[in-house]
Amino acid sequence: MNHQRLTIVAKILAKSEKRELVKNELIKLIKTTLAEEGCINYDLHQDNENENLFLFYENWESRALWQQHMNNSHLAEYSKATEGAVENFELFEMTPIS
């Protein structure tokens, strides 16, 4: 198992009319995710210029532990609750340089 720390940047663009739904569902993910094994931080941001744009900045102890997170039921519940409400989703897996 790779024990190198992993940084995740997830960019979520909500449809304008669904912004509050998406925001509330994203907020619901925070407490549960922070309690997961390997989660160092799980920070949600909203863009100052485009209120429909949200960004998660996450750090995990390893990619394997992040993958466990990705398979958890609360993410499936989020996906179901926001189906059709997200305009675009991008995910970046990054390795800290220093």
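Note that the numbering runs from 1 along the sequence shown for the chain.
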Next on the checklist: Do Asn41 and Phe56 make a side-chain contact, defined as non-hydrogen atoms from C-beta onward lying under 4.5 Å apart?
Outcome noted: no
Next on the checklist: Between Thr82 (side chain only) and Ala85 (backbone N and O only), is there a donor and an acceptor less than 3.5 Å apart?
Outcome noted: no
Checklist entry - When clusters are formed from ILVMFWY side-chain contacts under 4.5 Å, directly or step by step, what else is grouped with Leu13? => result Leu53
Next on the checklist: Going by salt bridge (charged side-chain N to carboxylate O under 4.0 Å, His left out), name the residues that satisfy it together with Lys18, two or more places apart in sequence or in a different chain.
Outcome noted: none
Checklist outcome for this item: Residue set satisfying side-chain contact (heavy atoms from CB on, under 4.5 Å) with Gln67, at least two apart, ordered chain then number -> Arg63
Item to check | Atom pair OG1 (Thr95) and CD (Gln4), whose distance is rounded to the nearest 0.5 Å | outcome: 5.0 Å
Checklist entry - Can you tell me how far the CD1 atom of Ile40 sits from the CD atom of Glu58, to the nearest 0.5 Å? => result 11.0 Å
Next on the checklist: If I compare all heavy atoms of Ser16 with all of Asn52, which pair ends up nearest, and what's the gap?
Outcome noted: OG-ND2, 2.9 Å
Next on the checklist: Restricting to side-chain contact (heavy atoms from CB on, under 4.5 Å), what partner residues turn up for Gln46, sequence neighbours left out?
Outcome noted: Arg19, Lys23, Glu51, Phe54
Checklist entry - Do the side chains of Gln68 and Leu65 get nearer than 4.5 Å, heavy atoms only? => result yes
Checklist outcome for this item: Thr33 meets the side-chain contact (heavy atoms from CB on, under 4.5 Å) criterion, sequence neighbours left out, with Leu29, Glu36, Cys39, Tyr42, Trp60, His69, His74
Item to check | Atom pair CG (Leu34) and CG (Asp43), whose distance is rounded to the nearest 0.5 Å | outcome: 8.0 Å
Checklist entry - What is the distance from atom CD1 of Ile12 to atom CG of Leu26, rounded to the nearest 0.5 Å? => result 5.0 Å
Item to check | Closest non-hydrogen atom pair between Val9 and Met94, with its separation | outcome: CG2-SD, 3.9 Å
Checklist entry - CG of Leu75 to OG1 of Thr32: how many Å apart, nearest 0.5 Å? => result 9.5 Å
Item to check | Residues which pass side-chain contact (heavy atoms from CB on, under 4.5 Å) with Leu91, listed by chain and number, not counting sequence neighbours | outcome: Ile8, Ala10, Trp66, Phe89, Glu93
Item to check | CD (Glu17) with more than 12 external heavy atoms under 6.0 Å | outcome: yes
Checklist entry - Charged N to carboxylate O under 4.0 angstrom, Glu83 versus Lys80? => result no
Checklist entry - Could you walk me through whether Lys28 and Tyr78 pass the side chain to side chain contact (heavy atoms under 4.5 Å, CB included) check? => result CA-CA 8 Å; Lys28 286 181 190 177; Tyr78 160 81; over 6 Å; no
